[in-house]
Amino acid sequence: MRIDIATLFPAMCEAVLSESIVGRGRKNGFVTIECHNIRDYTLDKHRRVDDKAYGGGTGMVMQPQPVYDCICAIKEKAGMESSRLIYLSPQGRTLTQDLVKELAQEQHLILLCGHYEGIDQRVLDELNAEEISVGDYVVTGGELPALIIADAVTRLQSGVLPNEDAYSIESHYNGVLEYPQYTRPEVWRGRSVPEILLSGHHENIEKWQKEQAEEVTRRKRPDMLESE
Ligand code: 4H6
């Protein structure tokens, strides 16, 4: 899969996407991710990409031309038959793991990050951008939301997770939260690892983990059980 990010802060995105599991997934060629600076496409002699909002009000709006030219350049470079253009916005459809799974099936995602008060509506209409929100709160730019999508979608690509079956284990307990995890030491500050995990009895351990997952879900997120 290929993901392109159109942003005014490519270094911020690149820094996050070079670390950890996503960074390794890119290095190993399981996903291609490129960050593009919208400012590189401005025709303004002062490299400006924003201007005052028509109708007044405080704050600036990103101009359509640099955004349009950036997205067109991405599409040409990527050379994909179909691309899904996503505009990260507080007004979008809320991201869920079901939507993440759907996006993970696409061959090409373009994530468009707005700043200031957002992007001129005309370029969003012209490019038929799909609006997605990562939750009901506001941040200063679309970058952090875009990075959430890039991360969530990348870890579902085959080869990216260290244990390939983590995905299938996850879907095995679909619709419930994870059971608690423990590692060494066996006793820490007087707290012991649950006896059963040391027993080596895999069947009982799996049964216990399943019960714990259900218990945790009942206690923390009862709404997840009701909607089944
Ligand atoms: C587009 C339009 C996404 C992008 C407006 C983006 C939260 C989410 C932004 C804005 C975002 C989300 C700029 C409006 C700052 C508020 C960038 N915030 N905003 N929930 N902010 O996915 O002012």
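Every number for a ligand or one of its atoms is a count from 1 in the order of the listing. Note that the structure is a prediction, hence the values are computed from the model and not measured. Because only heavy atoms are used, hydrogens play no part in the values below, and waters and symmetry mates are left out as well, while side chains stay in.
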**Request:** Please lay out, stage by stage, how E34 and K77 fare under the test salt bridge (Lys or Arg N to Asp or Glu O under 4.0 Å).
**Result:** CA-CA 11 Å; E34 284 186 19; K77 182 174 183 194; 2.8 Å; yes
**Message:** Can you report which non-hydrogen protein atom sits closest to atom 4 (C) of ligand 1, along with the distance?
**Reply:** L88 O, 3.3 Å
**Prompt:** Of all the non-hydrogen atoms in the protein, which one sits nearest to atom 22 (O) of ligand 1, and at what distance?
**Reply:** V134 N, 2.8 Å
**Prompt:** What protein heavy atom sits nearest atom 13 (C) of ligand 1, and how far off is it?
**Reply:** Y116 O, 2.9 Å
**Request:** Please indicate whether any nitrogen or oxygen in S133 is less than 3.5 Å from any nitrogen or oxygen in ligand 1.
**Result:** yes
**Complete:** for atom 10 (C) of ligand 1, nearest protein heavy atom and its distance come out as P90 CD, 4.1 Å
**Request:** Using a strict 4.0 Å cut-off to heavy atoms of G142, name the atoms of ligand 1 that fall inside it.
**Result:** 17 (C)
**Asked** Which heavy atom of the protein is the closest neighbour of atom 16 (C) of ligand 1, given with residue, atom name and distance?
**Response** V138 CG1, 3.3 Å
**Request:** Applying salt bridge (Lys or Arg N to Asp or Glu O under 4.0 Å), name anything that partners E117, two or more places apart in sequence or on another chain.
**Result:** none
**Prompt:** For atom 21 (N) of ligand 1, which protein heavy atom lies nearest, and how many Å away is it?
**Reply:** V139 O, 2.8 Å
**Message:** Once rounded to the nearest 0.5 Å, what's the spacing between atom CZ of R2 and atom CD of E106?
**Reply:** 15.0 Å
Without placing hydrogens or testing angles, list every side-chain donor-acceptor pair under 3.5 Å for residues 137-145, not counting sequence neighbours.
unit_1	atom_1	unit_2	atom_2	d
E143	OE1	H115	NE2	3.0
E143	OE2	T7	OG1	2.6

**Asked** Under the salt bridge (Lys or Arg N to Asp or Glu O under 4.0 Å) criterion, do R93 and E131 qualify, and how do the steps go?
**Response** CA-CA 6 Å; R93 163 184 180 197; E131 270 181 288; over 6 Å; no
**Prompt:** Side chain, backbone, both or neither: which part of Y87 comes within less than 4.0 Å of ligand 1 when only heavy atoms are counted?
**Reply:** side chain
**Request:** Could you see which bit of P145 sits under 4.0 Å from ligand 1, with heavy atoms only: side chain, backbone, both or neither?
**Result:** side chain
**Within-cut-off N or O pair, I132 and ligand 1, under 3.5 Å** = no
**Prompt:** Does E14 pair with R26 as a salt bridge, N-O distance under 4.0 Å?
**Reply:** yes
**Asked** Salt bridge check: are K210 and E206 linked by an N-O gap of less than 4.0 Å?
**Response** no
**Item:** CG on L156 to CG on L103, rounded to 0.5 Å
**Value:** 10.0 Å
**Prompt:** So is there a nitrogen or oxygen of G135 less than 3.5 Å from a nitrogen or oxygen in ligand 1?
**Reply:** yes
**Asked** Is the closest N or O pair between Y137 and ligand 1 shorter than 3.5 Å?
**Response** yes
**Asked** What distance separates R184 CZ from E186 CD, expressed to the nearest 0.5 Å?
**Response** 10.0 Å
